[in-house]
Structures are given as C-alpha cells and as structure tokens.
Amino acid sequence: MGNKYTKRYTEEFKRDAIALVDFSGRTVTAFARELGISSESLRGWYRQVKADRGERGSGELTSSEREVRKRPGISSRVAL
C-alpha cells in the first residue's frame with residue numbers, strides 16, 4: 001500500500017485520461033500537465049492499457065499476467 005500522501009484515481013478517471021491521449025494526438029506530458037497529474041502516472045496507465053490490448057512492447061505484462069506473478073509461490077522467471 002502507498003503512504004498517506006499517495007493520491008488514488010478512479011478507474012473511470014484513468015480510462016478517460018487514456019482516451020484523451022489516444023484520440024487527440026497530443027502528448028502524454030501535455031495532458032498530464034493539463035489534468036494536474038504526474039506524467040509518469042498517465043504514461044504507466046497508458047502502457048498498461050496497450051499491454052492489455054496486445055499492443056505491448058517487450059517486457060510489459062498484461063494485467064492478468066501481473067496478477068499471476070503476485071500470487072505466492074509464483075516465480076518472476078515463470079514464462080507466461
């Protein structure tokens with residue numbers, strides 16, 4: 001868990017922010033600044049959505065792959 005200063009965003013907010021980046025042609029940094037959030041947060045959300053869609057780069061895991069790796073006894077070396 002994050003500390004008491006960690007800001008949490010709803011799934012709806014994340015989805016809307018990602019859609020803005022997808023359909024506008026503007027940069028992640030520009031939208032993050034406009035929305036008042038960290039560009040790294042928005043970039044991470046965007047990468048995760050792309051991975052979940054099958055548009056991932058090398059080394060990126062889908063949400064379901066991340067969940068499997070979080071389970072006790074699952075090695076990070078297990079090929080998925």
Side-chain angles (χ1 to χ4, degrees):
M1 271 181 67
N3 63 34
K4 66 181 179 178
Y5 300 106
T6 302
K7 190 166 184 179
R8 301 283 181 201
Y9 299 97
T10 65
E11 290 302 315
E12 181 182 18
F13 178 84
K14 292 176 184 181
R15 194 174 41 250
D16 291 347
I18 292 163
L20 287 171
V21 173
D22 261 346
F23 298 110
S24 72
R26 293 176 54 202
T27 65
V28 169
T29 303
F31 270 114
R33 192 175 302 128
E34 189 174 307
L35 295 170
I37 62 175
S38 160
S39 60
E40 288 306 309
S41 292
L42 182 53
R43 191 170 287 110
W45 303 338
Y46 188 73
R47 284 182 183 147
Q48 187 60 55
V49 166
K50 286 179 69 173
D52 291 346
R53 290 182 195 156
E55 303 170 16
R56 61 186 171 171
S58 63
E60 294 183 34
L61 302 174
T62 65
S63 294
S64 59
E65 290 170 338
R66 283 180 183 215
E67 287 302 314
V68 167
R69 294 241 172 126
K70 285 181 184 177
R71 293 181 190 157
I74 302 294
S75 170
S76 62
R77 296 180 189 202
V78 173
L80 298 174

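Given the structure is predicted, the values throughout are model-derived calculations rather than measurements.
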Do you know which two heavy atoms are closest between Ser39 and Val28, and how far apart they sit? O-CG1, 3.8 Å
Quick one: ring pair (Phe, Tyr, Trp, His ring centres under 6.0 Å) pairs with a partner in residues 16-36, sequence neighbours left out? none
Going by the rule ring pair (Phe, Tyr, Trp, His ring centres under 6.0 Å), which residues pair with Tyr9 if we only count those two or more places apart in sequence or in a different chain? Phe13, Trp45
Please enumerate all residues that pass side-chain hydrogen bond (donor to acceptor under 3.5 Å, both in side chains) together with Thr29, with sequence neighbours excluded. Arg43
Roughly how far, to the nearest 0.5 Å, is the OG1 atom of Thr10 from the CG atom of Asp16? 7.5 Å
If you compare all heavy atoms of Leu20 against all heavy atoms of Ser24, which two are closest, and at what distance to 0.1 Å? O-OG, 2.8 Å
I need the Leu42 CG to Arg33 CZ distance, nearest 0.5 Å. 12.0 Å
